[in-house]
Amino acid sequence: MRIATWNVNSLKVRLPQVLQWLTEQEQAGTPIDALCLQELKLPDDKFPAAELAQVGYRGLYTGQKTYNGVAILARTASLPEPTDTLLNIPGFEDEQRRVVTATYGDLRLVCAYFPNGQSPESDKFVYKLKWLEALTAWLKDELTRHPRLALLGDFNIAPEDRDVHDPAKWEGQNLVSPPERAAFRGLLELGLADAFRRFEQPDKSFTWWDYRMLGFRRNAGLRIDHILLSPALADQCSACVIDRVPRTWEQPSDHTPVVATLAG
DNA sequence: ATGGCGCAACCTTTGCGA
C-alpha cells in the first residue's frame, strides 16, 4: 500500500503530469493506491474525473475557482468506494476548500491544504493559526474513532531547521516561525508521526522549491509537504520518500510528491 | 538588488503563492 501527497498548483495545467506519474508508478510495479492533491484551482464541474478514471482512479474532491481545492485519488483496483466522507473541518466555518476526508476499507485519509499565512504580521497568518487549532482539535476527536489515520498534504510549515535550505535567512519568517512550528508539534502530540523522519534521509531533503532564482537547480527549498501517521499506521510504515522526478519535468509544479509505503 | 516565476482572472495588469 502506497499513499502519496502532491500540491499540483493547478490540476488543469498539471493533469498530464499527474496521469504520467500515476501511470509510471503503476508500470514500475509500485502503484500509488491513494494520491492526495492540493491546489486544484478549479471548480467541481471542471474536475477531470473521466481522464483519471481512464488510468484507474476515482476522485473525491472539493474544488473552488482560482484558489485552493483538494482531492483524494483512489486506485479502483485496490481501494473500495470511500465511506464516511467529509469536506473541510467539521464545525469550522470556512469558504476556502482545504480538506477532504474519507475512509477506504479501514484506512482513514485526511487530505489537507494548510493556509499559507503570507507573513507573521498578516491577517492570513491569524487565519492560519486558527485553522491549525481547529484542525488539531478535530483530529484529536477523529483519532479516537479512526485508529488507522493518515494526514497528508501541503502543511505550509517546515517543522525544523533541517527542513530549510538556509535557516538563517528564513529565521522567524512565514512557514518556519515559532507559532507555526508549535502548531505542527501540536499535531505530533496527538500521537501522529512524521513518516519521513522515521527513516534515514539525505540531508537537504525538500518538497518545494521557488520557481524563481533557480530554486530547484540550487536545491534552495523547504520541506513543507508531509505525511503524518497514527501509531497503528506508523508501525506499518516501511518507507517514506520524496520523489523529485516530477519537479524535473517541463512546466512542473513547484512542489513534488511525497510517498509513504505501508506494509500489508 | 526582497527582484526574480507561474497561475488565474472582470486578462496586457494584478493578486497570490511560499
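Values below: every heavy atom of this structure, side chains too, minus hydrogens, waters and symmetry copies. Everything numeric here is computed off the predicted structure, so don't read it as measured data. Per chain, numbering begins at 1; letters A, B, ... match sequence-line order.
Taking the P atoms as reference points, B:dT12 lies 22 Å from B:dG17, given to the whole Å. Atom P of B:dT2 sits at a distance of 22 Å from the matching atom of B:dA18, rounded to the whole Å. Across the C1' atoms, B:dC16 and B:dC11 are found 15 Å apart, a figure rounded to whole Å. Taking atom C1' on both B:dG15 and B:dA1, the two are 23 Å apart, rounded to the nearest angstrom.
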For every nucleotide of nucleotides 10-18 of chain B, 5' to 3': is a protein heavy atom under 4.0 Å from its base (B), only from its sugar-phosphate (S), or from neither (-)?
-> S-----SBB

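Between the CD atom of A:Gln251 and the P atom of B:dG6 there is a distance of 9 Å, given to the nearest Å. Between the NZ atom of A:Lys169 and the P atom of B:dA1 there is a distance of 14 Å, rounded to whole Å. Atoms CG (A:Leu11) and P (B:dA8) sit 10 Å apart, rounded to a whole Å. Separating the CG atom of A:Asp166 from the P atom of B:dT2 is a distance of 14 Å, rounded to the nearest angstrom.
Take A:Tyr61 and apply the ring pair (Phe, Tyr, Trp, His ring centres under 6.0 Å) test, not counting sequence neighbours, and it matches A:Phe47. Take A:Phe216 and apply the ring pair (Phe, Tyr, Trp, His ring centres under 6.0 Å) test, not counting sequence neighbours, and it matches A:Trp209.
Applying the salt bridge (charged side-chain N to carboxylate O under 4.0 Å, His left out) definition to pairs two or more places apart or across chains, none involves residues 38-49 of chain A. Pairs of residues two or more places apart, or lying in two chains, never qualify as salt bridge (charged side-chain N to carboxylate O under 4.0 Å, His left out) while including a residue from residues 237-248 of chain A.
Checked against a 6.0 Å centroid threshold, the rings of A:Trp249 and A:Trp21 do not count as neighbours.
Map A:Val13 and A:Met213 each onto its nearest nucleotide of DNA chain B; the residue landing nearer the 5' end is A:Met213.
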Taking distance alone, no hydrogens or angles, what donor-acceptor pairs closer than 3.5 Å link side-chain atoms of residues 149-158 of chain A to residues at least two apart or in another chain?
| unit_1 | atom_1 | unit_2 | atom_2 | d |
| --- | --- | --- | --- | --- |
| A:Asp154 | OD1 | A:Asn156 | N | 3.0 |
| A:Asp154 | OD2 | A:Asn7 | ND2 | 2.9 |
| A:Asn156 | ND2 | A:Phe114 | O | 2.8 |

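For B:dG6, neither phosphate oxygen OP1 nor OP2 lies less than 4.0 angstrom from any side-chain nitrogen or oxygen of A:Arg14.
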